[in-house]
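One structure is given here, and the rest of the page talks about it.
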Amino acid sequence: MNDLTMLKKITGEKDEELLSLLLTMAEEKVLSLANRTKMVYPLKPAVREWAVVAYNRLGMQGETSRSEGGISSAFAEIPKDIEDAIKRYRLGRVAGRAYEKVIEEELPSEETDGGEE
């Protein structure tokens with residue numbers, strides 16, 4: 001099952017364009033926080049989870065807290081469990097550069113459903 005299909009099932013959203021955009025934005029944020037240029041397989045769950053968080057926060061961009069009817073909610077920039085997952089695979093910087101090496105946990109190649117393009 002691919003990330004888009006998973007996100008559709010989790011959120012119940014049918015707009016694939018919106019979900020693809022959320023996945024792309026989440027991947028960019030994860031890569032940025034991990035100081036990486038390529039996605040490694042162990043970070044994929046963090047991307048999906050961040051896309052779900054972004055979906056749930058649609059319409060609340062920029063809010064840090066909210067109070068309604070005596071109920072107060074505070075929003076973290078990034079949920080702790082996602083942050084912890086990213087920190088495990090974060091590259092350190094040396095002289096302002098992060099050096100990536102090829103590791104065995106890189107993403108498996110995506111297979112197409114149809115024939116060759």
Side-chain angles (χ1 to χ4, degrees):
M1 185 179 299
N2 68 26
D3 292 340
L4 184 59
T5 304
M6 285 183 186
L7 201 56
K8 282 174 69 173
K9 290 201 177 285
I10 291 169
T11 62
E13 178 65 50
K14 296 188 185 336
D15 185 351
E16 289 187 11
E17 194 173 332
L18 171 65
L19 296 177
S20 291
L21 178 63
L22 292 173
L23 281 167
T24 299
M25 292 170 61
E27 184 171 325
E28 289 170 355
K29 287 181 179 182
V30 168
L31 287 173
S32 175
L33 287 172
N35 291 327
R36 293 182 174 272
T37 58
K38 294 181 267 185
M39 184 59 60
V40 291
Y41 186 74
L43 287 173
K44 290 300 281 182
V47 170
R48 284 191 302 268
E49 290 174 28
W50 204 333
V52 171
V53 168
Y55 176 79
N56 289 332
R57 290 183 181 172
L58 286 175
M60 296 187 301
Q61 291 86 347
E63 287 189 45
T64 56
S65 65
R66 170 185 283 200
S67 291
E68 291 181 28
I71 299 174
S72 296
S73 300
F75 308 110
E77 174 64 27
I78 176 172
K80 182 85 170 111
D81 58 330
I82 297 174
E83 182 179 15
D84 290 344
I86 294 169
K87 281 182 179 178
R88 276 187 231 120
Y89 294 94
R90 187 169 194 265
L91 295 177
R93 290 191 174 273
V94 176
R97 294 191 58 186
Y99 295 92
E100 293 179 83
K101 69 175 189 173
V102 177
I103 59 172
E104 295 164 15
E105 296 178 302
E106 282 193 20
L107 291 174
S109 61
E110 301 244 349
E111 295 180 13
T112 58
D113 294 338
E116 292 184 23
E117 295 181 61

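Computed over heavy atoms, backbone and side chain alike; hydrogens, waters and symmetry mates excluded. Everything numeric here is computed off the predicted structure, so don't read it as measured data.
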| field | Short side-chain to backbone donor-acceptor contact, T11 and L7, under 3.5 Å | value | yes
| field | Pairwise distance CZ(R48) to CD1(I82) - rounded to 0.5 angstrom | value | 11.5 Å
| Salt-bridge contact E16-K8 (side-chain N to carboxylate O under 4.0 Å) | yes
| Do V47 and M1 share a hydrophobic cluster (ILVMFWY, side-chain heavy atoms under 4.5 Å, transitive)? | no
| Atom pair NZ/CH2 of K29 and W50 - distance to nearest 0.5 Å | 5.5 Å
| request: Please assess M25 against L21 for the test side-chain contact (heavy atoms from CB on, under 4.5 Å), listing each intermediate value before the final yes or no. | output: CA-CA 6 Å; M25 292 170 61; L21 178 63; 3.8 Å; yes
| request: Walk me through it: do V30 and Y89 pass the test side-chain contact (heavy atoms from CB on, under 4.5 Å)? | output: CA-CA 10 Å; V30 168; Y89 294 94; over 6 Å; no
| Minimum-distance pair of heavy atoms, taken over all atoms of A26 and A51 | CB-N, 3.8 Å
| task | Nearest 0.5 Å please: distance from the CG atom of N2 over to the NZ atom of K44. | result | 9.5 Å
| Should the pair D84-K80 be classified as a salt bridge under the 4.0 Å nitrogen-to-oxygen rule? | yes
| said: Donor-acceptor check, side chain of R88 to backbone of L43, threshold 3.5 angstrom: yes or no? | reply: no
| field | Qualifying residue, where the test is side chain to side chain contact (heavy atoms under 4.5 Å, CB included) with I86 and the options are D81, L31, L33 | value | L33
| Euclidean distance, D3 CG relative to E27 CD, rounded to 0.5 Å | 8.5 Å
| said: To the closest 0.5 Å, what do you measure between CG (L91) and CZ (R36)? | reply: 4.0 Å
| request: Look at the side chain of N35 and the backbone N and O of R90, then say whether any donor-acceptor pair between them is shorter than 3.5 Å. | output: no
| Step by step, would you call L22 with V52 a side-chain contact (heavy atoms from CB on, under 4.5 Å)? | CA-CA 8 Å; L22 292 173; V52 171; over 6 Å; no
